[in-house]
Trainee: 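What follows is a structure written as structure tokens; I'll ask about it next.
A, B, ... follow the sequence lines: proteins, then strands. Residue 1 opens every chain.
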Number of protein chains: 2
Amino acid sequence: MKWHDLSEEACPLARAMGVVGDRWTLLILRECFLGVRRFDHYQKRLGITRHLLAERLKRLESMGLLEKRPYQERPLRHEYRLTMSGKEFAPVLLAMQHWAQRNLPSEEPMPFAFVSRESEKVVEPVVTDRDSGEELNHRTVLMVPADPEAAKAIAKHLPQLGWK
Amino acid sequence: MKWHDLSEEACPLARAMGVVGDRWTLLILRECFLGVRRFDHYQKRLGITRHLLAERLKRLESMGLLEKRPYQERPLRHEYRLTMSGKEFAPVLLAMQHWAQRNLPSEEPMPFAFVSRESEKVVEPVVTDRDSGEELNHRTVLMVPADPEAAKAIAKHLPQLGWK
DNA sequence: ATAATTGAGTTCTATTTTGGAACTCATTAT
DNA sequence: ATAATGAGTTCCAAAATAGAACTCAATTAT
């Protein structure tokens, strides 16, 4: 497997790695959600090199998470905004932030918070099933290979399949 | 910011990038959740080089997501299993898989599914607030800098702050 | 009128990471 | 005695990243 072009992979997680599978991209998205839109602001806030930032923004645009739009002419300047696809990434950020806060402890206080627009309270993100409302985690959900052959291939070496 | 040691960052998302901020680590975790435990199985299933795999497993172990435990002696052999911290990563995988499935379309059929142990039905992961049950997404949640100065610094260049 | 600044990149070289293949080492199977 | 397993390690080439400097158009400051 090559570093490039995970975009053809059957596994959605692998395709996602083609977009956010590096040190910076998720942090760029974080900045987007904080309201940052311009090249130099991303660059200064993140400390990323201009070279890489340009590359990553191009990728996020080509993958449909950001769109580049002019905010002035003379001189022509563009800003980067989240598209619907980019905005829909918010739950992933919420889940990951929640995991990291609990599992990668730090002395430092959180530099930001996720707040409900309605209640104005800090939220605690939990993943649930749309249909049943049941909480989804390693105790309640099983990851099963679609191909029974693949399941067998794994099971051959395992007492039983699942998130033990 | 250096490529290494995001572990001291104040932002939990940045610290998370120190663990899963590369092409492979999340895919290794996917394999863990599918039930894979041994070095050669990860290697063959992912097509990752043995070199990098060893490196990544070492990191996942040192960050507390996996533990290495002997499954036989003579010759001594180890397997890698999810720790509690690793298992708690499941919701992140669910959210990301859901996002990618909708936003990075593919011809290929999904190679696996997330199934409720209880209902045995395929789940649809939604992020909600533990307290209110409210669905959390870009429409309902706001990301706010903890430091009011930081908020102002961003707002200076923006009509208004928030996930617009 | 000339010089400095802003904003958004691009180019260049030096380091680091990654990819790929081959090699090790202890034990077991043939 | 020879080959195969399992879990790595070592080595070299290729690709990605870091860091700094450079471009270019237009605008503001002197």
Side-chain angles (χ1 to χ4, degrees), chain A residues 1-6 9 14 17-28 31-32 36-62 66-81 153-154 156-158, chain B residues 1-6 9 14 17-28 31-32 36-62 66-81 153-154 156-158:
Chain A
M1 202 192 291
K2 282 274 152 60
W3 171 263
H4 64 276
D5 212 10
L6 278 310
E9 291 290 312
M17 288 304 93
V19 183
V20 298
D22 69 89
R23 217 71 156 187
W24 290 112
T25 304
L26 216 97
L27 300 179
I28 293 173
E31 295 301 304
C32 293
V36 174
R37 290 177 186 168
R38 297 185 187 176
F39 191 92
D40 275 27
H41 297 163
Y42 291 114
Q43 197 275 313
K44 288 215 185 65
R45 289 176 53 85
L46 290 169
I48 185 177
T49 65
R50 314 172 75 56
H51 182 47
L52 266 198
L53 176 58
E55 232 268 317
R56 293 294 125 91
L57 289 173
K58 206 166 289 178
R59 189 161 77 201
L60 283 167
E61 196 196 346
S62 80
L66 295 183
E67 62 175 343
K68 193 174 172 177
R69 60 156 76 162
Y71 65 87
Q72 70 169 40
E73 305 189 356
R74 338 201 24 76
L76 182 58
R77 293 276 180 267
H78 299 274
E79 63 182 8
Y80 294 87
R81 282 166 174 263
I154 299 171
K156 208 166 58 178
H157 297 282
L158 243 55
Chain B
M1 200 193 290
K2 283 273 152 58
W3 171 263
H4 64 276
D5 212 9
L6 278 308
E9 292 290 313
M17 288 304 94
V19 183
V20 298
D22 69 89
R23 217 66 157 192
W24 291 111
T25 304
L26 216 97
L27 300 180
I28 293 173
E31 294 302 304
C32 294
V36 173
R37 289 176 186 170
R38 297 186 188 175
F39 191 93
D40 275 27
H41 297 162
Y42 291 113
Q43 197 274 314
K44 288 215 185 65
R45 288 177 53 85
L46 290 170
I48 186 177
T49 64
R50 314 171 124 296
H51 182 46
L52 267 198
L53 177 58
E55 233 267 318
R56 295 293 126 91
L57 289 172
K58 206 167 287 177
R59 190 162 77 201
L60 283 167
E61 196 196 346
S62 80
L66 295 183
E67 62 175 342
K68 192 172 171 176
R69 61 156 77 163
Y71 66 88
Q72 70 170 42
E73 304 188 357
R74 344 201 15 75
L76 183 57
R77 293 274 180 268
H78 299 274
E79 63 182 6
Y80 295 87
R81 282 164 176 266
I154 298 172
K156 209 167 54 178
H157 297 282
L158 241 53

Trainee: Within the structure, does a side-chain N or O atom of A:Lys58 lie under 4.0 Å from either OP1 or OP2 of C:dA8?
Mentor: no
Trainee: What's the closest nucleotide to the A:Trp24 side chain, out of C:dT18, C:dG19, D:dA18?
Mentor: D:dA18
Trainee: Within this structure, what is the CD-to-P distance between A:Glu79 and C:dG9, rounded to whole angstrom?
Mentor: 12 Å
Trainee: Whole angstroms only, please: what is the CG-P distance between B:Leu52 and C:dT16?
Mentor: 17 Å
Trainee: Is there a side-chain contact between A:Arg50 and the phosphate of D:dC22, meaning an N or O under 4.0 Å from OP1 or OP2?
Mentor: no
Trainee: How long is the line joining CD of B:Gln72 and C1' of D:dA7, in whole Å?
Mentor: 11 Å
Trainee: Between A:Gln43 (CD) and D:dG19 (C1'), how many Å, whole number?
Mentor: 11 Å
Trainee: My understanding is that only one of B:Leu66, B:Leu27, B:Leu60 makes a side chain to side chain contact (heavy atoms under 4.5 Å, CB included) with B:Cys32; could you say which?
Mentor: B:Leu66
Trainee: Run the side-chain contact (heavy atoms from CB on, under 4.5 Å) check on A:Tyr80 and A:Lys68 step by step: do they pass?
Mentor: CA-CA 5 Å; A:Tyr80 294 87; A:Lys68 193 174 172 177; 3.6 Å; yes
Trainee: Report, one pair per line, the protein and nucleotides 26-30 of chain C atoms (nitrogen or oxygen only) whose separation is under 3.5 Å.
Mentor:
residue: C:dT27; atom: O3'; partner: B:Arg74; partner atom: O; Å: 3.4
residue: C:dT28; atom: OP1; partner: B:Arg74; partner atom: O; Å: 3.1

Trainee: So, B:Tyr42 side chain and B:Val36 main chain: donor-acceptor pair closer than 3.5 Å or not?
Mentor: yes
Trainee: Please report the distance, rounded to the nearest Å, between CZ in A:Arg37 and P in C:dA8.
Mentor: 13 Å
Trainee: So for the helix from C:dA1-D:dT30 to C:dT30-D:dA1, with five pairs setting each end axis, what is the inter-axis angle to 10°?
Mentor: 10°
Trainee: Kindly point out which of C:dA8, D:dG8, C:dT18 is positioned nearest to the side chain of A:Phe39?
Mentor: C:dA8
Trainee: Does A:Leu52 form a side-chain contact (heavy atoms from CB on, under 4.5 Å) with A:Trp24? I'd like the steps, not just the answer.
Mentor: CA-CA 9 Å; A:Leu52 266 198; A:Trp24 290 112; 3.8 Å; yes
Trainee: Give B:Lys44 one of three labels, base, sugar-phosphate or nothing, depending on what nucleic acid heavy atoms sit under 4.0 Å from its own.
Mentor: nothing
Trainee: Check whether B:Gln43 reaches the backbone of B:Ile48 with its side chain - one donor and one acceptor, N or O, closer than 3.5 Å.
Mentor: yes
Trainee: Output yes when a side-chain donor or acceptor of B:Gln72 lies under 3.5 Å from a complementary backbone atom of B:Pro75, and no otherwise.
Mentor: yes
Trainee: Could you state the atom-to-atom distance from NE2 of B:His78 to C1' of D:dG8 in whole Å?
Mentor: 11 Å
Trainee: Are side-chain heavy atoms of A:Asp40 and A:Arg50 found at a separation under 4.5 Å?
Mentor: yes
Trainee: Only one of B:Arg45, B:Arg59, B:Arg56 passes side chain to side chain contact (heavy atoms under 4.5 Å, CB included) with B:Ile28; say which it is.
Mentor: B:Arg56
Trainee: At under 4.0 Å between heavy atoms, what does B:His51 touch on the DNA or RNA strands: base, sugar-phosphate, or nothing?
Mentor: base
Trainee: Please enumerate all residues that pass side chain to side chain contact (heavy atoms under 4.5 Å, CB included) together with B:Arg69, with sequence neighbours excluded.
Mentor: B:Glu67, B:Glu79, B:Arg81
Trainee: B:Tyr80 side chain N/O closer than 4.0 Å to the phosphate oxygens (OP1, OP2) of D:dG8?
Mentor: yes
Trainee: Rounded to whole Å, how long is the line connecting atom NE2 of B:His41 with atom P of D:dT5?
Mentor: 11 Å
Trainee: Heavy atoms only, 4.0 Å cut-off, all strands: where does B:Tyr71 land among base, sugar-phosphate and nothing?
Mentor: sugar-phosphate
Trainee: In whole Å, I'd like the distance from the CG atom of A:Leu66 to the P atom of C:dA8.
Mentor: 14 Å
